[in-house]
Amino acid sequence: MTAVTDQDPTEHTGRPKDTARGDDRRADRSPGEHGRRGETAAAPERRDSHREREREREHERGGDPRGTDAVRRGDRAGRGDHAERDRPHGAPSEAADCADAWDDGLIARRVNETDGAHQLPAVSRPAPGGPGAVPLAYDGPLRARLDALRELVGLSRTRLDNGTLAEAGRVLDEAGARRRLSGRHTVVAIAGATGSGKSQLFNALAGVTISETGVRRPTTAAPIACSWSDGAAGLLDRLGIPGRLRRRPLQYPDVDSQLRGLVLVDLPDHDSAAVQHREQVDRILALVDAVIWVVDPEKYADALLHERYLRPMAGHAEVMFVVLNQIDRLPGEAADQVLDDLRRLLDEDGVALGEYGEPGANVLALSALTGDGVGELREALGQFVAERGAPARRISADVDVAAGRLRPVYVTGQRAGLSEEAREEFADRLADAVGATAAGEAAERAWLRNAGRACGTPWLRLWRWYQDRREPPTGRLPLRVQADEEATARQRVEQAVRVVADRASAGLPAPWAQAVREAAVRGAQGLPEALDELVAKAGLPPGRPPRPGWWPVAVFAQACMTLVQVVGGLWLLGQIIGFLSPNLGVPVLLMLSGIIGGPVIEWSCRMAARGPARRYGQEAERRLREAAAGCGRARVLDAVAAELLRYREVREQYGRVTGAGVR
């Protein structure tokens with residue numbers, strides 16, 4: 001059996017004096033030792049004050065935890081300050097002479113009831129011998145995942161609420177904090193329900209009684225830590241375990257060398273009636289590198305254990321031990337049956353079992369009371385600690401859990417983005433809003449009208465001029481119609497923006513879909529006014545439409561037909577008034593040629609002008625469509641595309657966090 005020392009004096013320089021522990025240690029000492037130290041009861045109070053001031057000064061200086069002063073303070077704290085009180089004033093301290101010596105500290109106040117007849121061996125002071133704390137180093141893939149998670153959180157802060165990113169932020173903080181601490185130690189917590197025997201197992205692994213056991217519930221009120229090597233002070237400070245609850249077993253190389261680097265923490269009952277006990281369990285379970293779940297034959301299927309802890313921690317199977325304790329209470333093959341049922345429950349919880357060489361939870365059966373199976377657990381723990389991979393595996397599992405919780409806000413399994421079809425539809429809707437088609441048709445009619453005016457008969461043009469003069473001036477009705485058209489155009493623009501936002505956000509997670517819609521709405525502000533300005537600028541060009549090459553010929557032919565009509569008419573008029581000799585054939589023929597030829601030329605020009613007029617109208621429509629599409633692209637589509645690009649970037653980062661690509 002190995003004896004147990006109090007905390008490493010190099011690991012907690014500012015621990016206050018524990019009077020109760022000093023009294024217990026005095027009770028454990030021999031009568032002769034009490035005689036030699038009888039004077040300590042009458043020591044002046046000023047020495048206590050001096051020691052307290054010395055601790056405070058050292059704490060403020062932040063000195064080397066392995067220095068002489070730290071060892072002196074640890075020695076005083078471990079012995080209840082008796083050695084300091086026995087030392088004559090001005091004499092050198094014993095701890096100062098042996099700076100690397102371990103204090104005997106608080107030897108277990110009582111041994112296990114089964115070993116009560118055995119006498120605890122005398123406590124020696126071997127040098128720690130272990131190296132100091134070396135920071136933990138993550139491998140390349142884990143560092144890449146952590147960097148990707150940090151980048152992912154940074155890119156998402158403006159799109160996701162703090163509650164959604166809280167778990168990812170906590171994982172990053174804990175990963176950074178753990179990396180700065182010792183990489184040579186593995187912190188393993190022993191957790192279990194009331195009466196499961198976890199404290200008894202804790203004592204069995206340590207070799208002596210450290211954590212109190214008994215029928216009173218809850219027995220363990222505060223977490224107790226036992227470290228098998230030095231350099232674990234930072235880890236225990238991170239867990240918030242005070243110095244008075246830190247222990248060190250006196251290791252014999254041939255017995256406990258396999259557990260070197262292990263930091264074992266006995267937790268309160270996770271189903272304790274005391275709320276603060278459950279809070280301590282939840283807090284420490286989030287910080288340790290691994291956990292040993294201790295269950296008993298009565299509560300191994302407890303719904304609280306499986307639903308609150310094992311199922312949510314299924315992704316941490318590689319850093320998990322599940323121990324069925326108290327198998328000595330099961331007769332015959334009942335232990336194997338209960339163990340098989342426990343494995344079945346763990347499989348239903350999603351906990352991978354480390355069987356046949358596969359990574360997963362290690363499931364064992366033992367009896368901490370009789371020691372049956374404890375050696376197997378000790379061997380498994382020794383191999384687990386020697387690998388020194390538990391901290392990184394725990395952080396990797398935490399990253400997996402955080403990524404799993406973030407998956408709904410990054411991945412939906414649907415194709416997302418703005419298709420070319422949606423872009424064209426948006427451009428068409430804007431073109432309809434600005435009346436691009438109507439503008440093209442108006443340009444075509446204008447070209448035909450211009451051609452008709454140039455190539456038509458003078459009499460027809462005169463009639464049209466007369467009809468235009470007879471039309472009433474613009475009244476209230478056209479103004480009202482124009483206002484209605486503007487309102488309709490604005491509604492069409494808003495409808496076009498809503499449709500393209502819905503198309504772009506389809507298939508996106510809710511936060512990013514909302515961001516896309518908001519970007520589209522922001523870009524649509526002032527879009528109708530901008531389109532109105534574009535209509536004025538990109539409408540019909542000033543002046544007359546361009547004329548094709550055959551136009552002058554047609555104009556000249558129409559003029560000739562008109563001249564023929566005039567000549568024929570004058571000739572006929574001269575014959576009627578007797579100025580010319582009668583000859584009706586020639587003037588009538590000339591007049592008929594002009595009367596028939598003019599309309600024929602006008603109709604021919606109109607047929608020939610349809611093609612150029614249509615092209616002219618299409619060009620006007622295209623120009624207006626492009627102007628409207630460019631305005632909509634600059635104001636709406638670019639903003640939507642920027643949000644989609646940000647989403648694709650964070651999705652790629654999320655794929656790096658998970659270690660695999662995502663759709």
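This structure is a prediction, so every number in the text was calculated from the model and none was measured. Along the sequence shown, residues are numbered consecutively beginning with 1.
Residues passing the ring pair (Phe, Tyr, Trp, His ring centres under 6.0 Å) test with Phe321 are Phe384, sequence neighbours excluded. Taking Arg308 as the reference, Asp282 meet the salt bridge (Lys or Arg N to Asp or Glu O under 4.0 Å) condition, with sequence neighbours excluded. Among residues two or more places apart in sequence or in another chain, the side-chain contact (heavy atoms from CB on, under 4.5 Å) test is passed with Glu494 by Arg490, Arg498. Residues meeting the salt bridge (Lys or Arg N to Asp or Glu O under 4.0 Å) test with Glu444, sequence neighbours left out: none. Every residue was checked against the salt bridge (Lys or Arg N to Asp or Glu O under 4.0 Å) condition with Glu420, not counting sequence neighbours, and none meets it. Taking Ala397 as the reference, His316 meet the side-chain contact (heavy atoms from CB on, under 4.5 Å) condition, with sequence neighbours excluded. Checked against side chain to side chain donor-acceptor pair (under 3.5 Å), Ser419 has no partners two or more places apart in sequence or in another chain. Applying the side-chain contact (heavy atoms from CB on, under 4.5 Å) test to Arg344 and every residue at least two apart in sequence or in another chain returns Asp341, Glu348. Applying the side-chain contact (heavy atoms from CB on, under 4.5 Å) rule to Arg656 yields the partners Ala148, Glu652, Gln653; only residues at least two apart in sequence or on another chain are considered.
Taking the side chain as every heavy atom from C-beta outward, Phe426 and Leu418 never approach each other to under 4.5 Å. You'll find the side chain of Leu527 reaches within 4.5 Å of the side chain of Cys631, heavy atoms only. Here the side chains of Val291 and Met313 are in contact, with some heavy-atom distance below 4.5 Å. The side-chain heavy atoms of Tyr654 and Val409, taken from C-beta on, include no pair separated by under 4.5 Å. A 4.5 Å side-chain heavy-atom check between Arg407 and Thr658 finds every atom pair outside the cut-off. When side chains are defined from C-beta on, Gln495 counts as touching Arg429, because their heavy atoms get closer than 4.5 Å. The shortest side-chain heavy-atom distance between Leu342 and Val322 falls under the 4.5 Å cut-off. Considering only heavy atoms from C-beta on, Leu285 comes within 4.5 Å of Tyr309 through its side chain.
The two residues Ala314 and Gly350 come nearest to each other via the heavy atoms CB-O, 3.5 Å.
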Inset, instruction - Take Val351 and Arg311 through the test side chain to side chain contact (heavy atoms under 4.5 Å, CB included) and record every step on the way to the result. - result: CA-CA 7 Å; Val351 178; Arg311 196 167 300 164; over 6 Å; no
Inset, instruction - Check the pair Arg517 / Gln514 against side chain to side chain donor-acceptor pair (under 3.5 Å), numbers first and verdict last. - result: CA-CA 5 Å; Arg517 287 191 290 267; Gln514 181 65 22; 3.3 Å; yes
Inset, instruction - Under the salt bridge (Lys or Arg N to Asp or Glu O under 4.0 Å) rule, what do Asp398 and Arg394 come out as? Steps first, then yes or no, please. - result: CA-CA 6 Å; Asp398 288 343; Arg394 170 60 195 262; 3.0 Å; yes
Inset, instruction - Apply the test side chain to side chain contact (heavy atoms under 4.5 Å, CB included) to residues Val500 and Val640: give CA-CA distance (whole Å), side-chain angles for both, the deciding distance (0.1 Å), then the verdict. - result: CA-CA 9 Å; Val500 75; Val640 170; 5.6 Å; no
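For the residue pair Ser396 and Tyr138, no side-chain donor N or O sits within less than 3.5 Å of a side-chain acceptor on the partner. For Arg283 and Gln280, the side-chain atoms include no donor-acceptor pair closer than 3.5 Å.
For residues 499-512, the salt bridge (Lys or Arg N to Asp or Glu O under 4.0 Å) pairs, not counting sequence neighbours, are Glu425-Arg503. The stretch residues 166-178 participates, sequence neighbours left out, in these salt bridge (Lys or Arg N to Asp or Glu O under 4.0 Å) pairs: Glu167-Arg170, Glu167-Arg405, Glu174-Arg238, Arg178-Asp289. Applying the salt bridge (Lys or Arg N to Asp or Glu O under 4.0 Å) test to pairs two or more places apart or on separate chains, those with a residue in residues 142-154 are Arg145-Asp400, Asp147-Arg150.
Under 4.0 Å is where a charged nitrogen must lie from a carboxylate oxygen, and between Glu387 and Arg393 at least one such pair does. Between Glu626 and Arg622 there is a salt bridge, with a side-chain nitrogen of the basic residue lying less than 4.0 Å from a carboxylate oxygen of the acidic one.
Leu152 pairs in a side chain to side chain contact (heavy atoms under 4.5 Å, CB included) with only one of the listed residues (Leu165, Val650, Leu160), which is Val650.
Between Trp293 and His270, the ring-plane angle classifies as perpendicular under the 30° and 60° cut-offs.
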